[in-house]
Amino acid sequence: MLPAAEAPHGVEDTHDGAIAGGSGYPLPMPELPEVEVTRLRIEPALVGRRIRRVVTTPDSYFFLTRPARLKRSLAGRRVESLDRHGKYLVANLDGGSRLVVHLGMTGQLFSSGATSVRLLSATARAALAPEEQGRFVPDAHTHLRLCFASGPEVYLRDVRKFGKVLLLGPGETSPRLGRLGVDALGATGEQLFRATRGRRVAIKSLLLDQSILAGVGNIYADEALFHAGVRPRRAASRLTQRECAALAQAIRAVLERSIETGGSSIRDYVAPDGSDGAYQDERFVYARAGESCLRCGEKVRRVVVAQRGTHYCPGCQK
DNA sequence: ATCGTTGCCTGAGGGC
DNA sequence: TGCCCTCAGGCAACGA
């Protein structure tokens, strides 16, 4: 795939299917695979480049660092590297400061050099002048816009503003990052077994706890529990060592597989270059309530656990 | 310490 | 057609 930064900064390249709506499935959120895919795709447009100017929307709770300080501190900084911790993206800047981004539920990080951009709300369509058909124009949801001396700009767009952006000074730490548990890609059965001891909450709730495993969200929690054969409402403390091993293995497998296929994109997730992830086609339970289990044929059920839609197969999961 | 609840936000979709 | 209502949910803060 062509790195986003190599695509010409022009209308033509953003033309094809640039603006599109959703497909009608329930809202997923960017989880570890989507954030990792975003990281990989936005990296070429960010790393090695020096920020010249920063444009933001008005101050709001989206900004854990006030816009005025963001603009002041980011201007002139060069992006040295881009890391991911769980669902957080961390841009390391020269001088030692770090720009931290969380995509929340509807966050989109992409560059104007992307080959196409699938925007989340239809209102953005109205922002497109006819002569700029297909080319992204920063709108009211575009909370952060990074301009460089030349070449593509980088946008952080978030319709619902559940995402967050903050700037850490040299050596400064963040409770948000500090609280994160082990990255879910490296989850082991032993870690999971230890973390579940003495915990009476549903195993699904525990999987969503970012201080234990960082990166698992609603979709992959449901999918991993399916593959491990564990019902989401089981008390965490009741899982056996063997089940924890199976669950850790399932978590790693679904996350890795999703990264391979470009991340889920049922509706809200949008790759910076607009390409769609295909993992949605490999879902066994998520958003399949009432449909037949692909493995045993029983009807997939939907319940609410930890205030979140939760899907499982009563035939396959015990 | 752990657990459950609340609020932040806005678009989509259903019902009438 | 269009309005009103509900739902979706990551995360931190809060109260029990």
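Not measured: the values here are computed from a predicted model. In the text below, chain A, chain B and the rest are named by the order of the sequence lines, each starting its count at 1.
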Does the side chain of [X] get closer than 4.0 angstrom to OP1 or OP2 of [N] through an N or O atom?
X      : N      : answer
A:K164 : B:dC8  : no
A:H141 : B:dT10 : no
A:Y286 : C:dA8  : no

Quick one about [Y] and [X] (side-chain donor to acceptor, distance below 3.5 Å, no hydrogens or angles considered), yes or no?
X      : Y      : result
A:Q108 : A:R157 : yes
A:T56  : A:H143 : no
A:Y220 : A:S258 : yes

(message) Looking at A:K204 and A:D222, is there a salt bridge between them, counting it only when a charged N and a carboxylate O are closer than 4.0 Å?
(response)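 Answer for the salt bridge query: yes.
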(message) So that I can tick it off, tell me whether A:E80 and A:R78 are bridged by a salt bridge, with the cut-off set at under 4.0 angstrom between side-chain N and carboxylate O.
(response)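 Judged by the 4.0 Å cut-off on N to carboxylate O distance, A:R78 and A:E80 do form a salt bridge.
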(message) Counting only heavy atoms not in A:R66 (residues, nucleotides, ligands), do more than 12 fall under 6.0 Å from its CZ?
(response)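 Enclosed: over 12 neighbouring heavy atoms sit under 6.0 Å from CZ of A:R66.
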Mind calculating the distance between [atom1] ([X]) and [atom2] ([N]) to the nearest angstrom?
X      : N      : atom1 : atom2 : value
A:I212 : B:dA1  : CD1   : P     : 14 Å
A:F62  : B:dC9  : CZ    : P     : 13 Å
A:R157 : B:dG11 : CZ    : C1'   : 11 Å
A:R308 : B:dC3  : CZ    : C1'   : 14 Å
A:F162 : B:dT6  : CZ    : P     : 15 Å
A:Y61  : B:dC9  : OH    : C1'   : 5 Å
A:D139 : B:dT10 : CG    : P     : 12 Å
A:F63  : B:dC9  : CZ    : P     : 13 Å

Touch check for [X], heavy atoms < 4.0 angstrom, all strands: base, sugar-phosphate only, or nothing?
X      : result
A:N218 : sugar-phosphate
A:Q210 : sugar-phosphate
A:R197 : nothing

(message) Against the six-membered ring of A:F284, is A:R295 placed for a cation-pi contact (under 6.0 Å from the centre, within 45° of the normal)?
(response)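 Here A:R295 passes the 6.0 Å and 45° test against A:F284.
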(message) Should the side chain of A:R160 and the base of C:dA8 be counted as holding a donor-acceptor pair, with the cut-off at 3.5 Å?
(response)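 Yes, a donor-acceptor pair under 3.5 Å.
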(message) Let's test your reading of the pairing rules: Watson-Crick or G-U wobble, both distances under 3.5 Å, then write DNA chain C as a dot-bracket string with ( ), [ ], | and dots.
(response) .|||||||||||||||
